Amino acid sequence: MKKFTEHFLLGVAAIGMALLTACAGTSQISASDGSLFYPSPPAPARLQYLTKFSSQLDLGEKNARFRDFVFGEETISGHLVQKPYGLAVFEGAAYVVDTRGGGYVVFDFLNSRSKLVRGNGASNMPKPINITIDTDGTRYVTDTQREQVLVFDRNDRFVKAFGSSGQFRPVDVAIVDDRLYISDILHHTIQVLDQRTGQLLFKFGSNGSGPGELFQPTNLAIGPDGSVYVTDTGNFRIQVFSPDGEFIRSIGKIGTAAGRFARPKGIAVDREGRVYVVDAAFANVQILDATGTPLMFFGEPGTSPGNINLPTVVKIDYENVEFFQQYADPEFRLEYLVLVASQFGVNKVAVFGYGTMRE
């Protein structure tokens, strides 16, 4: 971990105060074959852009094999995902919430197919935002217009909905043991429900800007020690709580330097405790260590491979590395995948690989 941090701090020093400006593209290296790596020298490459998906048209002829593998006989016109926000990975498939499509799209890598799960009647999803999948395959979808959390089983069949009128406006769900942690952007709090019954167990956070207070909390992540990471979007920071809601620490503040944010959204924490934070305003993802020290960043707006436009969510996937290794540089050994959803542009879901160059 120490060696990893030292290498990344070299990259941060090279990037300097220009990290989050319009020249953010200096973070990437273009190999002779067009491959994109991050960060800039002298730091060693740690991330490579691999591919993207949302429809066949996004993948292009270069990735025709991947396109055919994922989409099969799907239509060739338009995007299968129109305006994504939430993203989850489970058992060889990516689940992408489409805020315009009234549901979520399943990209099943293992079975070479894709499908749209669209609600109707009791399962209607007028404004779905995020999706979280438990270890047993149960899906939890937040809908800000219904102001409920919709529950689907592992076969995408609607089971029930949590949330009474005016209880919350849910944006994201995180799971710890048998509890659902729900970010409530309306009341500026985190509500904790019994996973089985939906009964409110307790809340934490309140409207404000002090330690442990929240203003427009959006996305959630669970650290390797069980800590709950909350994107405190309105306060331009990340806050970390214990599973019982006790404030632990705060990461970042408003600004344009490394480790600061303008519009933080999605968040993920890897097995080593490194924190990935999406910034929708700067159209990039910052990586910080567990204490909040900036390590590197990647991404920038545009229409080129690897660009992200109004990004919303970042997810880390350890399970599908073997499949995506074929899209990596032969000398780059993947350790895990980093998927980023963007609401606009051609790269609706961009796939990056974290790893190291072979010696």
Side-chain angles (χ1 to χ4, degrees), residues 85-86 97 99 126-132 140-150 161-176 179-195 198-223 226-256 259-269 275-282 286 288 292 310-314 343:
Y85 191 109
V97 175
T99 60
K127 193 63 178 293
I129 298 295
N130 258 315
I131 183 168
T132 300
Y140 297 89
V141 179
T142 58
D143 192 297
T144 54
Q145 186 169 322
R146 279 187 61 154
E147 299 189 338
Q148 288 185 316
V149 177
L150 283 70
F162 292 147
S164 57
S165 178
Q167 179 179 345
F168 47 49
R169 185 172 298 158
V171 177
D172 201 5
V173 175
I175 303 171
V176 179
R179 296 172 172 177
L180 301 180
Y181 291 74
I182 300 172
S183 56
D184 179 4
I185 197 172
L186 178 63
H187 301 105
H188 313 288
T189 189
I190 306 301
Q191 297 200 29
V192 184
L193 310 185
D194 180 280
Q195 184 179 19
Q199 178 183 357
L200 177 65
L201 300 177
F202 62 93
K203 306 176 185 179
F204 60 90
S206 59
N207 191 357
S209 58
E213 295 178 335
L214 301 167
F215 184 62
Q216 295 181 338
T218 53
N219 294 73
L220 304 170
I222 304 300
S227 297
V228 181
Y229 288 70
V230 180
T231 303
D232 190 5
T233 300
N235 285 320
F236 315 101
R237 64 188 180 185
I238 304 300
Q239 294 206 70
V240 187
F241 299 85
S242 74
D244 292 327
E246 298 176 353
F247 172 75
I248 297 176
R249 65 182 177 276
S250 181
I251 298 174
K253 57 183 178 180
I254 190 171
T256 59
R260 300 190 178 189
F261 309 110
R263 195 179 180 190
K265 285 291 197 66
I267 183 170
V269 185
V275 183
Y276 289 66
V277 182
V278 168
D279 198 305
F282 296 124
Q286 290 196 59
L288 310 98
L310 200 61
T312 55
V313 167
V314 57
Q343 292 197 293

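Numbers for residues simply follow the sequence, beginning at 1. Predicted model, so just to flag it, every value in this text is computed and none were measured.
Residues satisfying the side chain to side chain contact (heavy atoms under 4.5 Å, CB included) test with Lys127, not counting sequence neighbours, are Thr99, Ile129, Asp143, Thr144, Gln145. Considering only residues two or more places apart in sequence or on other chains, Arg146 meets the salt bridge (Lys or Arg N to Asp or Glu O under 4.0 Å) condition with none of them. Partners of Glu246 according to the side chain to side chain contact (heavy atoms under 4.5 Å, CB included) rule, which considers only residues two or more places apart in sequence or in another chain, are Ser242. For Phe204, the ring pair (Phe, Tyr, Trp, His ring centres under 6.0 Å) partners at least two apart in sequence or on another chain are Phe241. Taking the ring pair (Phe, Tyr, Trp, His ring centres under 6.0 Å) definition, one finds that His188 meets it with Phe215, sequence neighbours left out. The side-chain hydrogen bond (donor to acceptor under 3.5 Å, both in side chains) test applied to Thr312 returns no partner, not counting sequence neighbours. Judged as a side-chain hydrogen bond (donor to acceptor under 3.5 Å, both in side chains), and not counting sequence neighbours, Asn130 has no contacts. Here Asn235 pairs with Asp232 under the side-chain hydrogen bond (donor to acceptor under 3.5 Å, both in side chains) rule; sequence neighbours left out. Every side chain to side chain contact (heavy atoms under 4.5 Å, CB included) that Ser227 has, sequence neighbours left out, goes to Asp225, Tyr229, Val240, Ile248. For the salt bridge (Lys or Arg N to Asp or Glu O under 4.0 Å) test, no residue two or more places apart in sequence or in another chain qualifies with Asp194. Not counting sequence neighbours, the partners of Arg169 by the salt bridge (Lys or Arg N to Asp or Glu O under 4.0 Å) test are Glu147. Partners of Ser164 by side-chain hydrogen bond (donor to acceptor under 3.5 Å, both in side chains), not counting sequence neighbours, listed by chain and number: Gln167.
When side chains are defined from C-beta on, Ile251 counts as touching Leu288, because their heavy atoms get closer than 4.5 Å. Leu220 places none of its side-chain heavy atoms less than 4.5 Å from the side chain of Ile267. Taking 4.5 Å as the limit, some side-chain heavy atom of Leu310 sits within range of a side-chain heavy atom of Arg263. Taking the side chain as every heavy atom from C-beta outward, Tyr85 and Val313 approach each other to under 4.5 Å. Taking the side chain as every heavy atom from C-beta outward, Ile182 and Phe162 never approach each other to under 4.5 Å. Between Phe168 and Leu193 the shortest side-chain heavy-atom distance falls below 4.5 Å.
Using a distance-only test at 3.5 Å, with no hydrogens or angles considered, no donor-acceptor pair links the side chain of Ser183 to the main chain of Asn219. Under a 3.5 Å cut-off, the side chain of Gln286 and the backbone N or O of Val277 do not form any donor-acceptor pair. A donor-acceptor pair under 3.5 Å links the side-chain atoms of Tyr181 to the main chain of Pro243, judged by distance alone. Judged by distance alone, with hydrogens and angles left aside, the side-chain atoms of Gln239 form a donor-acceptor pair with the main-chain N or O of Gly212 at under 3.5 Å.
A pairwise comparison of heavy atoms in Val314 and Tyr276 identifies CG1-O, 3.8 Å as the closest pair. Of all the heavy atoms in Ala280 and Lys265, the pair that sits closest is CB-CG, 4.0 Å. Closest of all the heavy-atom pairs between Asp279 and Pro311 is O-CG, 3.8 Å.
From Ile131, atom CD1 reaches atom CG of Asp172 across 11.0 Å, with rounding to the nearest 0.5 Å. From Ile185, atom CD1 reaches atom OG1 of Thr218 across 6.5 Å, with rounding to the nearest 0.5 Å. In this structure, CD in Glu213 is found 8.0 Å from CG in Asn207, a value given to the nearest 0.5 Å. Atom OG1 of Thr233 sits about 10.5 Å away from atom CZ of Phe261, to the nearest 0.5 Å. Considering CG of Leu186 and CD of Gln216, their distance stands at 10.0 Å, rounded to 0.5 Å.
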> Under the side-chain contact (heavy atoms from CB on, under 4.5 Å) criterion, do Val173 and Val149 qualify, and how do the steps go?
Replying inline: CA-CA 8 Å; Val173 175; Val149 177; 4.1 Å; yes
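Under a 4.0 Å N-O distance rule, the pair Asp244/Arg179 qualifies as a salt bridge.
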